Amino acid sequence: MNKVKIKFPDGNSREFEKGITAFQIAQSISERFAKEVLVAKVDGSVIDLCGKINNDTEIRFLTFNDDEGKEVYWHSSSHLMAHAIKSVYPEAKFGVGPAIDNGFYYDFDIKTKLSEEDILKIENKMHELSKENKTFERVELSKPEAIDFFEKQSDEYKLEILSELDESSETISIYNEGGFTDLCTGPHLPSTGKIKYVKLLGVSGSYWRGDENKKQLQRIYGVSFPKKKMLDEHLQKLEEAKKRDHRKLGKELDIFLLSGNVGSGLPIWLPKGTILRETLENYLREEQRKRGYEPVITPHIGNINLYKTSGHYPYYSDSQFPPLILEEGKDEYLLKPMNCPHHFQIYASKPRSYKDLPIRYTEFGTVYRYEQSGELTGLTRVRSFAIDDSHIFVRQDQLLDEICDVIDLIKQVFAVIGFKDFTTILSFRDDNTEKYGGDIKLWEKAQAELKEAAKRMKLTYVVEEGEAAFYGPKIDFVVKDVIGRKWQLGTVQVDYVMPERFDLEYTGNDGQKHRPVVIHRAPFGSMERFIGILIEHFGGEFPLWLAPTQAVIIPVSQNFINYSEQIVKDLKDKNIRVELDDRNEKVGYKIRDWELKKIPYMLILGEKEELSENISVRQHRKGDLGSFALSDFIDKITIEIKNKDYTIN
RNA sequence: GCUGACGUAGCUCAGUCGGUAGAGCACAUCCUUGGUAAGGAUGAGGUCACCGGUUCAAUCCCGGUCGUCAGCUCCA
């Protein structure tokens with residue numbers, strides 16, 4: 001047979017000469033289409049366009065609009081960047097350079113510490129190389145040939161990767177474009193000329209193989225596009241995102257303060273931020289009350305022995321503030337890094353019956369962790385934070401239902417806020433037994449139960465092994481911040497280990513002592529991180545129920561301050577959070593000011609309003625809504641607050 | 001913690017190739033009493049992050065510390 005039958009995504013098929021390249025097939029569709037095409041997908045795997053087709057198959061052509069097409073585009077861009085680096089710094093040795101969610105990076109080892117100007121030089125070089133439009137050529141080698149090749153270049157990192165490849169199961173391939181060769185499985189773009197608009201975004205250090213004991217290489221991040229408009233839009237999006245950054249908005253809207261005089265990573269809640277936080281806390285308190293939780297309050301420090309029992313100390317001493325030592329070895333305290341040991345003391349303070357369970361203690365408990373200085377960012381990673389914590393003590397037969405109820409609560413919290421873009425991760429143990437406490441059989445049980453609960457609650461989740469806490473597996477709810485960093489918010493953790501360590505028990509209906517299981521859970525995760533993300537989620541335009549200031553009264557002139565004060569009083573009586581702007585300024589000036597502060601409603605009061613005993617309402621972003629009777633306005637916003645509406649009209 | 005960058009008024013930033021600094025906004029006072037995104041005038045505000053060194057002289061150069069930012073690592 002000299003023909004191959006090719007099936008296309010639209011269901012049609014055609015015959016071609018055997019050995020035809022994917023590119024030629026694309027050309028047969030149209031020259032213009034062939035120009036757009038980057039790679040082809042054949043029988044489920046992505047291949048180079050120069051790949052020959054020798055069997056009957058299905059083919060799909062991928063362009064930059066396909067995720068897999070983008071990935072190849074950015075991967076090839078990273079090769080081109082490496083090429084550019086190599087031509088500016090010939091001694092450069094390369095680590096890895098993959099495509100990532102929004103672009104690509106490459107890790108490499110050179111003596112020069114790169115500056116912004118150096119990056120620009122590399123970027124310009126990339127444009128030059130792209131214009132040469134060299135083809136990417138794939139060459140397959142045996143392992144010894146490949147080792148020989150990279151030894152000649154004394155490319156130690158590539159050799160390390162090679163040494164770990166299994167030659168019997170993997171084809172070793174290298175790609176060459178314009179004299180630059182890299183170890184790579186591909187696939188790649190047909191040629192470098194496809195990479196048209198490149199922006200290198202920054203340089204930083206990164207440990208070889210992600211291991212802090214290994215050498216630190218330099219990493220350049222970049223992004224590239226086939227059209228200028230796409231690059232411009234991307235850069236514009238990055239700029240827009242910066243405006244929503246909670247660190248910027250937190251300052252502008254007087255939500256929180258980070259002061260070096262207090263200490264880094266120790267946020268201070270300003271009056272406006274405190275309203276926001278307490279509103280969220282009260283909402284959760286009310287939900288928890290309905291679900292049978294009991295609030296408790298515990299101290300911020302605890303005897304160090306508590307943490308020796310729990311196993312947190314000394315294994316995590318690196319990430320704790322050092323102990324307060326009153327008498328060496330006898331009287332030492334720790335700023336609490338978590339609330340659980342305190343809550344366990346409450347449980348253990350008297351005998352418990354199986355009839356008492358589940359017991360659900362809850363506390364907005366502030367904990368202190370000595371996070372590495374380089375990790376601190378705004379409110380999302382801090383050294384003191386309040387966990388909306390709860391420890392639920394259950395019997396084995398209650399565990400699954402209880403986990404489901406907790407998931408239900410977390411889902412409800414996220415829905416009320418309007419978080420839709422989150423991922424759920426089942427964090428399980430891996431084979432590294434040293435990292436985890438307790439009996440492996442109990443772990444397997446706990447993991448199975450979490451999985452079962454996730455299924456029952458219809459969560460779409462991924463399993464990540466090795467991400468569990470040392471005392472048990474967990475379900476984490478993860479969201480991204482404005483610059484794409486992922487943060488864990490809500491969490492549910494199943495714990496068979498701590499009850500053992502603290503010797504917790506209850507009397508069963510058989511008269512025997514039994515061990516309860518503990519669920520650690522936090523829907524917000526921490527108030528700090530949650531509100532950090534919340535600020536970015538709303539871009540500072542909080543829904544009415546959360547807005548620290550819900551309405552501002554603006555008298556048209558000083559003559560209407562009396563009337564305004566009367567309206568302020570009426571609104572305050574109805575628990576509306578209202579401010580009076582009695583500054584000696586024009587209306588337009590004040591409106592602009594409060595629009596920038598993103599205040600939901602402004603009430604403009606002048607002669608017209610005073611005579612008719614009405615108010616004029618202006619809504620943030622929407623403008624003038626016209627004249628209302630005060631009582632109608634109060635009714636309207638009371639409903640809006642009660643419903644916790646979050647849609648910005 | 002590591003690599004790199006940065007730190008000037010409350011905020012956003014300019015500036016000094018070494019001779020102790022400037023704008024806009026905000027703030028205060030006065031004029032103005034104005035109707036849906038900036039009315040006018042005047043004024044006050046800075047140990048140029050901190051500590052050392054070099055120098056006749058340091059905000060500027062050098063070293064250290066602290067803080068911030070990006071990334072890595074870590075995150076009970």
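Everything numeric in this text was worked out from a predicted model, so none of it was measured. Residue numbers start from 1 in every chain, and the chains themselves are labelled A, B, ... in the order their sequence lines are given, proteins ahead of strands.
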>> Under a 4.0 Å threshold between the charged nitrogen and the carboxylate oxygen, would E595(A) count as salt-bridged to R592(A)?
In response: no
>> Using the C1' atom as the point on both nucleotides, what is the distance between C61(B) and C17(B), in whole Å?
In response: 11 Å
> Is E371(A) paired with R381(A) through a side-chain N to carboxylate O contact shorter than 4.0 Å?
Replying inline: yes
> Distance check: side-chain N/O of Y207(A) vs OP1/OP2 of G71(B), anything under 4.0 Å?
Replying inline: no
> In whole Å, what is the span from the CZ atom of R383(A) to the C1' atom of G1(B)?
Replying inline: 10 Å
>> Without decimals, in angstroms, what is the distance between I615(A) CD1 and U36(B) P?
In response: 17 Å
> Using purine N1 to pyrimidine N3 plus N6-O4 or O6-N4 for Watson-Crick, or N1-O2 and O6-N3 for G-U wobble, both under 3.5 Å, which nucleotide pairs with G24(B)?
Replying inline: C11(B)
> Charged N to carboxylate O below 4.0 Å: is that the case for E252(A) and K598(A)?
Replying inline: no
>> Between C62(B) and C25(B), how far apart are the two P atoms, rounded to whole Å?
In response: 36 Å
>> Please give the distance between the P atoms of G7(B) and G43(B) as a whole number of Å.
In response: 31 Å
> Where the side chain of S557(A) is defined as all heavy atoms beyond and including C-beta, which of G71(B), G1(B), G34(B) is the nearest nucleotide?
Replying inline: G34(B)
>> Can you check the distance between U59(B) and G52(B), where both ends of the measurement are the P atom (answer in whole Å)?
In response: 12 Å
> C75(B) P sits how many Å from Y370(A) OH, rounded?
Replying inline: 17 Å
> Could you state the CG-P distance from D101(A) to G71(B), rounded to the nearest angstrom?
Replying inline: 13 Å
> Expressed in whole Å, how much space separates the C1' atoms belonging to C75(B) and A37(B)?
Replying inline: 44 Å
> Does G71(B) have OP1 or OP2 sitting under 4.0 Å from an N or O in the side chain of R485(A)?
Replying inline: yes
> OP1 or OP2 of C75(B) less than 4.0 angstrom from a side-chain nitrogen or oxygen of Y368(A), does that happen here?
Replying inline: no
> L605(A) CG to U36(B) P: how many Å, rounded?
Replying inline: 14 Å
>> Looking only at the side chain of S264(A) (C-beta and beyond, no hydrogens), which of the listed nucleotides G67(B), G34(B), C72(B) gets closest?
In response: G67(B)
>> Let's test this: given Watson-Crick or G-U wobble pairing with both distances under 3.5 Å, identify the partner of C72(B).
In response: G1(B)
> Who is the Watson-Crick or G-U wobble partner of G35(B), with both distances under 3.5 Å?
Replying inline: none
>> Any salt bridge linking E164(A) with R209(A)? Criterion: basic side-chain nitrogen under 4.0 Å from a carboxylate oxygen.
In response: yes
> Does R247(A) put a side-chain nitrogen or oxygen below 4.0 Å from OP1 or OP2 of C11(B)?
Replying inline: no
> Across all strands, who's sitting opposite G63(B) as a Watson-Crick or G-U wobble pair, both distances under 3.5 Å?
Replying inline: C51(B)
> Below 4.0 angstrom, N of the basic side chain to O of the carboxylate: do D503(A) and R515(A) qualify?
Replying inline: yes
> Can you tell me the Watson-Crick or wobble partner of A41(B), both distances under 3.5 angstrom?
Replying inline: U29(B)
> How far does the C1' atom of C48(B) sit from the matching atom of A9(B), given to the nearest Å?
Replying inline: 10 Å
> In whole Å, what separates the P atom of C51(B) from that of C66(B)?
Replying inline: 15 Å
>> Output the rounded distance in Å from CD1 (I604(A)) to C1' (G34(B)).
In response: 13 Å
> Between K237(A) and E240(A), is the closest basic N to carboxylate O distance under 4.0 Å?
Replying inline: no
> Out of G39(B), U36(B), G71(B), which nucleotide sits closest to the side chain of I591(A)?
Replying inline: U36(B)
> With rounding to whole Å, what would you report as the distance between U12(B) and G18(B) at their C1' atoms?
Replying inline: 28 Å
> If you measure from the Lys or Arg side-chain nitrogens to the Asp or Glu carboxylate oxygens, is any gap between D118(A) and K121(A) under 4.0 Å?
Replying inline: yes
> Roughly, in whole Å, what's the span from CG in L596(A) to P in C11(B)?
Replying inline: 18 Å
>> With a 4.0 Å limit, can you tell me whether S373(A) has a side-chain N or O closer than that to the phosphate oxygens OP1/OP2 of G1(B)?
In response: yes
>> Taking only side-chain N and O atoms of R209(A), does any of them lie within less than 4.0 angstrom of OP1 or OP2 on C72(B)?
In response: no
>> It should be established whether R621(A) places a side-chain nitrogen or oxygen under 4.0 Å from OP1 or OP2 of nucleotide A37(B).
In response: no
>> Output the rounded distance in Å from CD (Q558(A)) to C1' (C31(B)).
In response: 13 Å
